[in-house]
Amino acid sequence: MSAAPLPANESERLRNLYHYSILDSLPEKAFDSIVEFAANFFQVPIATIGFVDKNRQWFKAIRGLDLCGTEREIAFSAHTILNNEPMVIPDAKQDLRFNLNPMVTGEPFIRFYAGVPLVTTEDYNIGTLCLIDHQPREMNQSQLDRLQHLAELVTVRLGLRLASLKLSEATAKMQPKVLVKSSLFQAETGMATLLATAGRRR
């Protein structure tokens, strides 16, 4: 087994990953639905959306495994993010990079792996959409294209999620100002009413 080398832009890649505030976030239906669809469409027992952190791979969504992540050293995705193209391993037992990997020799007994890097709009590979099977298999170009489209859907959803977070933060910052302005308006209105009433009494 050989651990994947670090990408040349690792520092910038990690900074971009953290920018999206996705690590250790709660499950979200949008991402869960994508792995569910991928597993059913490609007829594989395991599908994941994972993000490659400094020392770990963390799963935002996973179907078929009861895991929240793995060590980066043994993560197939650590290899996948090195390029912008899909990485397909027809039989991990026959691949010298993975044949001694504990996830191949033990649970979940990975044989087939297909992963597509999640490329952000800033052009960093921060994670992967993966298919895993316990049996060796192949993928044709049409299937790879469909998997690539699903990965693009994940990155679109990631961007929408970030925009929503920023909007929520901006709204939260605006609320105190709105409350102050509202209080001032109410105070000014009340003062004007009192002055008008006082004037009529004279």
Please set out all donor-acceptor pairs under 3.5 angstrom arising from side-chain atoms of residues 20-27, sequence neighbours excluded.
{"unit_1": "Y20", "atom_1": "OH", "unit_2": "E122", "atom_2": "OE1", "d": "2.8"}
{"unit_1": "Y20", "atom_1": "OH", "unit_2": "E122", "atom_2": "OE2", "d": "3.3"}
{"unit_1": "D24", "atom_1": "OD1", "unit_2": "R56", "atom_2": "NH1", "d": "3.1"}
{"unit_1": "D24", "atom_1": "OD2", "unit_2": "R56", "atom_2": "NH2", "d": "2.9"}
{"unit_1": "S25", "atom_1": "OG", "unit_2": "I22", "atom_2": "O", "d": "2.6"}
{"unit_1": "S25", "atom_1": "OG", "unit_2": "K60", "atom_2": "NZ", "d": "2.7"}

In Å, rounded to the nearest 0.5 Å, how long is the span from CG of L158 to CD of E152? 13.5 Å
Close side-chain approach of N55 and E73, heavy atoms under 4.5 Å: no
Considering only heavy atoms from C-beta outward, does the side chain of F98 approach that of K93 to under 4.5 Å? no
Roughly how far, to the nearest 0.5 Å, is the NE2 atom of H19 from the OG1 atom of T120? 8.5 Å
For the residue pair L17 and Y124, establish whether any side-chain heavy-atom pair is separated by less than 4.5 Å. no
Decide side chain to side chain contact (heavy atoms under 4.5 Å, CB included) for F51 and L118; before the verdict, give the C-alpha distance in whole Å, the side-chain angles of both, and the deciding distance to 0.1 Å. CA-CA 9 Å; F51 295 91; L118 302 176; 3.9 Å; yes
Is there side-chain contact between L144 and V88, with heavy atoms separated by less than 4.5 Å? yes
R13 (side chain) donor-acceptor with V52 (main chain) under 3.5 angstrom: yes
Which pair of heavy atoms, one from I132 and one from V44, lies closest together, and at what distance? O-CB, 3.5 Å
Please report the interatomic distance CG(N9) to CZ(R15), rounded to the nearest 0.5 Å. 10.5 Å
Hey, does F41 have a side-chain heavy atom less than 4.5 Å from the side chain of L147? no
Separation of Q57 CD from E71 CD (nearest 0.5 Å): 11.5 Å
Validation: residues 109-116 side-chain donor-acceptor distances under 3.5 Å, sequence neighbours left out:
{"unit_1": "R111", "atom_1": "NE", "unit_2": "D91", "atom_2": "OD1", "d": "2.8"}
{"unit_1": "R111", "atom_1": "NH2", "unit_2": "D91", "atom_2": "OD1", "d": "3.2"}
{"unit_1": "R111", "atom_1": "NH2", "unit_2": "D91", "atom_2": "OD2", "d": "2.9"}
{"unit_1": "Y113", "atom_1": "OH", "unit_2": "T80", "atom_2": "OG1", "d": "2.8"}

Counting C-beta onward and ignoring hydrogens, is there a side-chain heavy-atom pair between L153 and I34 closer than 4.5 Å? yes
Side-chain heavy atoms nearer than 4.5 Å, only ILVMFWY residues, links allowed to pass through others: does that put L162 and V154 together? yes
Given the rule that I, L, V, M, F, W and Y join up when any side-chain heavy atoms are under 4.5 Å apart, are M87 and I74 in one cluster? yes
Quick one: closest heavy-atom pair of A75 and T70, and the distance? CB-OG1, 3.8 Å
Please assess I89 against R97 for the test side chain to side chain contact (heavy atoms under 4.5 Å, CB included), listing each intermediate value before the final yes or no. CA-CA 10 Å; I89 310 297; R97 293 171 296 175; 3.2 Å; yes
Under 3.5 Å, side chain of S33 to main-chain N/O of K29, donor-acceptor pair present? yes
Would you say that I49 contacts F31 through its side chain, given a criterion of any heavy-atom pair below 4.5 Å between the two side chains? yes
Is there a donor-acceptor pair closer than 3.5 Å between any side-chain N or O of N125 and the backbone N or O of N83? yes
Nearest heavy-atom neighbours spanning D123 and N84: OD1-ND2, 4.4 Å
Verdict with supporting geometry, K54 and L14, side chain to side chain contact (heavy atoms under 4.5 Å, CB included): CA-CA 7 Å; K54 184 176 181 180; L14 287 173; 4.2 Å; yes
Minimum heavy-atom separation for G127 to I81, with atom names? O-CG2, 3.8 Å
Please tell me if the side chains of R157 and E28 come closer than 4.5 Å, counting only heavy atoms from C-beta onward. yes
Using side chain to side chain contact (heavy atoms under 4.5 Å, CB included), reason through I46 and D133 one step at a time and then give a plain yes or no. CA-CA 6 Å; I46 301 168; D133 202 343; over 6 Å; no
Rounded to the nearest 0.5 Å, the CZ atom of F59 sits from the OG atom of S77 at a distance of 6.5 Å
Do side-chain atoms of N16 reach the backbone of E12 as a donor and acceptor pair under 3.5 angstrom? no
Could you state the interatomic distance from OG1 (T171) to CG (L167), rounded to the nearest 0.5 Å? 4.5 Å
Compute whether any side-chain donor of one residue and acceptor of the other, for D145 and Q141, lie under 3.5 angstrom apart. yes
ILVMFWY cluster, L129 and L160 together (side-chain gap under 4.5 Å): no
Search all heavy atoms of P117 against all heavy atoms of A151 and return the closest pair with its distance. O-CB, 4.3 Å
Do L131 and M103 sit in the same hydrophobic cluster, where Ile, Leu, Val, Met, Phe, Trp and Tyr count as joined when their side-chain heavy atoms come under 4.5 Å apart? no
Short question: side chain of R63, backbone of A39 - any donor-acceptor pair under 3.5 Å? no
Without swapping roles, check the side chain of N140 against the backbone of S142 for a donor-acceptor pair under 3.5 Å. yes
